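Report on the structure given below.
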Amino acid sequence: MTIRVIIVDDQAMVRAGFAALLSAQSDIDVVGEAPDGKKGVEVSRSTHPDIVLMDVRMPEMDGLNAARILLDPPAGVVHRPKVLMLTTFDVDDYVYEALRAGASGFLLKDAPPADLISAVRVVAAGEALLAPSVTRRLIADFAALRPAPRKDALRLNGLTPRETEVLALIARGLSNQEIADRLVLAEQTVKTHIGRVLSKLGLRDRAQAVIFAYESGLVTPGEQ
């Protein structure tokens, strides 16, 4: 199946470079581009991409607000793409807020071309948290800087002990295979547990699961 992508970035050369790279892949089709968040939302509404590559900082409307609109569409709008944030910095307040809003992850603009291609495929497959250790640090840093009220802690009561354990390991940046090895489980069993965690907590993906784990107090910044 071909992955439909649009590129939203205020730098024309970045858009052109990313489009050329991705279009050269047999399983990726670049179906549109836009120079700012406002036009990005319009292009997404008309082209229905699977993934939106969204720059964080843009004029007219930044990537954060555009991501919020796409990930929480108004009544009557059915299409909701996955959003992959593009940033120059690996610790960025906007990226953290975008992950909270439901973005599937983030990618540094100066990442190797192979990483961009892989990122698109990984997010399209339903995964999140590209470079888990970096994303975990980002989330932990901002969770420490502005601790949220632990109002979500009660929602943890709906998880089984094993599901709670799996959630904590996700938040610490472990991959499915690493969680399986740690808990002496089959990787498919871990995937099943993760699916139940996301469903019970009403979370979209692993990125939101990590944020929930920190903001509910299940995991604290600096904890190993």
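Here the structure is a predicted model, which means the values were calculated and not measured.
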Interatomic spacing from [atom1] in [X] to [atom2] in [Y] - rounded to 0.5 Å:
| X | Y | atom1 | atom2 | result |
| --- | --- | --- | --- | --- |
| D10 | K39 | CG | NZ | 12.0 Å |
| F18 | M13 | CZ | CE | 12.0 Å |
| R121 | I51 | CZ | CD1 | 11.0 Å |
| L159 | S216 | CG | OG | 9.0 Å |
| E178 | E187 | CD | CD | 10.5 Å |
| L86 | R57 | CG | CZ | 13.5 Å |

Do [X] and [Y] have side chains that get closer than 4.5 Å, going by heavy atoms?
| X | Y | result |
| --- | --- | --- |
| P35 | E60 | no |
| F212 | L218 | no |
| V8 | L53 | no |
| I170 | V197 | no |
| V166 | E163 | no |
| T189 | L183 | no |
| V30 | I7 | yes |

For the side chain of [X] and the backbone of [Y], is there at least one donor-acceptor N/O pair under 3.5 Å apart?
| X | Y | answer |
| --- | --- | --- |
| N176 | I179 | no |
| D29 | V31 | no |
| S46 | V43 | yes |
| K82 | V123 | yes |
| R4 | T47 | yes |

Open item on the list: Run I117 and L22 through side chain to side chain contact (heavy atoms under 4.5 Å, CB included) and show every step you take.
Closed with: CA-CA 7 Å; I117 297 168; L22 294 174; 4.3 Å; yes

Open item on the list: So if I apply the side-chain contact (heavy atoms from CB on, under 4.5 Å) rule between M54 and each of L70, L84, L64, I6, which one comes out positive?
Closed with: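 So, applying the side-chain contact (heavy atoms from CB on, under 4.5 Å) to M54 and each of L70, L84, L64, I6, only L70 qualifies.
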
Task: NZ (K109) with more than 12 external heavy atoms under 6.0 Å - done: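 More than 12 heavy atoms, drawn from other residues, nucleotides or ligands, come within 6.0 Å of this atom.
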
Open item on the list: Please check if the number of heavy atoms outside R182 that lie under 6.0 Å from its CZ is greater than 12.
Closed with: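 Not more than 12 within 6.0 Å, no.
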
State, to 0.1 Å, how close [X] and [Y] come at their nearest heavy-atom pair, and which atoms those are.
| X | Y | answer |
| --- | --- | --- |
| A209 | L203 | CA-CD1, 3.6 Å |
| L174 | R206 | O-NH2, 3.0 Å |
| S44 | P49 | O-CD, 3.4 Å |
| P73 | H79 | CG-O, 4.3 Å |
| A213 | A171 | CB-CB, 3.5 Å |
| V52 | P81 | CG2-CG, 3.8 Å |

Task: Test salt bridge (charged side-chain N to carboxylate O under 4.0 Å, His left out) applied to R162 - qualifying residues, sequence neighbours left out - done: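 If we apply the salt bridge (charged side-chain N to carboxylate O under 4.0 Å, His left out) test to R162, skipping adjacent residues, the hits are E165.
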
Task: Residues that K191 engages under salt bridge (charged side-chain N to carboxylate O under 4.0 Å, His left out), provided they are two or more places apart - done: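 For K191, no residue satisfies salt bridge (charged side-chain N to carboxylate O under 4.0 Å, His left out) once neighbours in sequence are set aside.
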
Task: Working for side chain to side chain contact (heavy atoms under 4.5 Å, CB included), residues I69 and M61 - done: CA-CA 11 Å; I69 292 170; M61 178 187 290; 3.7 Å; yes

- [ ] Take V190 and L169 through the side chain to side chain contact (heavy atoms under 4.5 Å, CB included) test and state the conclusion after the steps.
- [x] CA-CA 11 Å; V190 170; L169 294 176; over 6 Å; no

Task: side chain to side chain contact (heavy atoms under 4.5 Å, CB included) between K200 and T160, intermediate numbers included - done: CA-CA 10 Å; K200 287 182 177 182; T160 66; 4.0 Å; yes

